[in-house]
Amino acid sequence: MNIFRLAGDMSHLLSVILLLLKIRTTKSCAGISLKTQELYVVVFLARYLNLFTRYYSFYNTVMKLVFIATSVCIVWYMRFHKVVKQTYNKDLDTFRHYVVIPPCFLLALLVHHEFTVMEVLWTFSLYLEAVAILPQLILLQRTRNIDNLTGNYIFLLGAYRALYLLNWIYRFFMEKAQARWISWISGLVQTALYADFFYYYIKSWKNNEKLKLPA
Amino acid sequence: NAESNVHDEL
């Protein structure tokens with residue numbers, strides 16, 4: 001495992017820990033999109049089915065279980081926790097997230113590496129993950145006061161994707177890995193969606209101002 | 001193995 005991959009995974013893990021910490025300590029999920037979180041549950045369940053078919057490493061197995069468990073846990077908090085659910089910005093989180101699931105699945109049926117159940121589900125999870133952040137970015141744009149934890153959560157999530165791009169470049173040149181266009185392109189699309197957010201996040205950080213996205 | 005190429009990623 002190269003340094004970019006490890007840093008990417010750690011950034012992803014940290015983002016989830018940060019979000020859970022925000023929810024548990026402030027008893028609030030304000031600014032967090034339930035739609036995005038629900039899409040992540042679908043992404044992880046579809047992708048990590050290979051938990052049962054193939055063993056890679058202890059690290060790999062533990063991380064998969066952590067990502068499945070934490071994503072379910074976050075959705076549970078936002079939907080069912082007596083206090084937390086009342087802080088959810090339901091009226092602002094209006095992206096109809098279920099409409100992106102069928103097109104992603106259809107695309108996975110058409111464009112994949114190999115036509116097997118596991119491979120199509122894996123590919124579906126890549127396509128879905130690429131767009132899963134959209135409801136969150138839309139909610140963010142509608143939120144007047146973005147708290148630091150929410151801003152940092154999205155930054156870490158975007159950093160995870162950007163580091164994975166570096167990881168693929170490293171693997172391609174240093175490990176002579178095969179070209180994997182499906183992962184690369186969907187990863188590139190996913191990272192590109194963060195570009196605008198990154199721009200304003202870094203700007204606010206440099207100017208020592210509160211993060212605010214233009215309407 | 002072509003499959004193990006990215007499938008060890010998360």
Side-chain angles (χ1 to χ4, degrees), chain A residues 1-2 4-6 8-13 16 40 43-44 47-51 53-57 59-68 71 112-114 116 118-119 121-123 125-126 129 160-161 163-165 167-168 170-172 175-184 186-187, chain B:
Chain A
M1 184 168 14
N2 64 69
F4 304 112
R5 161 75 197 282
L6 184 65
D9 286 350
M10 289 306 116
S11 173
H12 191 190
L13 187 63
V16 174
Y40 281 142
V43 165
F44 295 140
R47 185 175 309 166
Y48 299 158
L49 269 181
N50 66 7
L51 261 175
T53 58
R54 207 175 146 170
Y55 178 80
Y56 293 94
S57 64
Y59 170 85
N60 194 280
T61 303
V62 170
M63 291 292 268
K64 281 174 177 166
L65 292 172
V66 166
F67 287 131
I68 293 173
S71 64
H112 47 251
H113 192 67
E114 197 181 310
T116 60
M118 297 303 275
E119 189 63 28
L121 281 173
W122 168 275
T123 312
S125 81
L126 292 178
E129 190 188 3
Y160 143 63
R161 294 317 310 182
L163 286 160
Y164 256 67
L165 292 184
N167 155 55
W168 291 326
Y170 181 93
R171 291 186 79 167
F172 184 71
E175 295 172 12
K176 305 269 183 285
Q178 277 186 311
R180 293 296 298 232
W181 292 104
I182 292 175
S183 310
W184 293 354
S186 47
Chain B
N1 184 336
E3 282 325 289
S4 65
N5 191 325
V6 288
H7 286 72
D8 59 346
E9 292 177 354
L10 295 162

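By convention in this document, chain letters (A, B, ...) are assigned in the order of the sequence lines, proteins followed by strands, and residues within each chain are numbered from 1.
When all heavy atoms are compared, the tightest approach of A:Tyr160 to B:Leu10 is OH-O, 3.9 Å.
Per-residue heavy-atom pair counts under 4.5 Å with chain B were compared for A:Glu175, A:His12, A:Arg5, and the maximum is reached by A:Arg5.
In this structure, chain B has no heavy atom under 4.5 Å from any part of A:Phe44.
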Run the salt bridge (Lys or Arg N to Asp or Glu O under 4.0 Å) check on B:Asp8 and A:Arg171 step by step: do they pass? CA-CA 12 Å; B:Asp8 59 346; A:Arg171 291 186 79 167; 3.2 Å; yes
Determine, step by step, whether B:His7 and A:Arg47 satisfy the side-chain contact (heavy atoms from CB on, under 4.5 Å) criterion, reporting the C-alpha distance in whole Å, the side-chain angles of both residues, the deciding distance to 0.1 Å, and the verdict. CA-CA 9 Å; B:His7 286 72; A:Arg47 185 175 309 166; over 6 Å; no
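In this model, no donor atom of one side chain and acceptor atom of the other lie less than 3.5 Å apart for B:Glu9 and A:Asn60.
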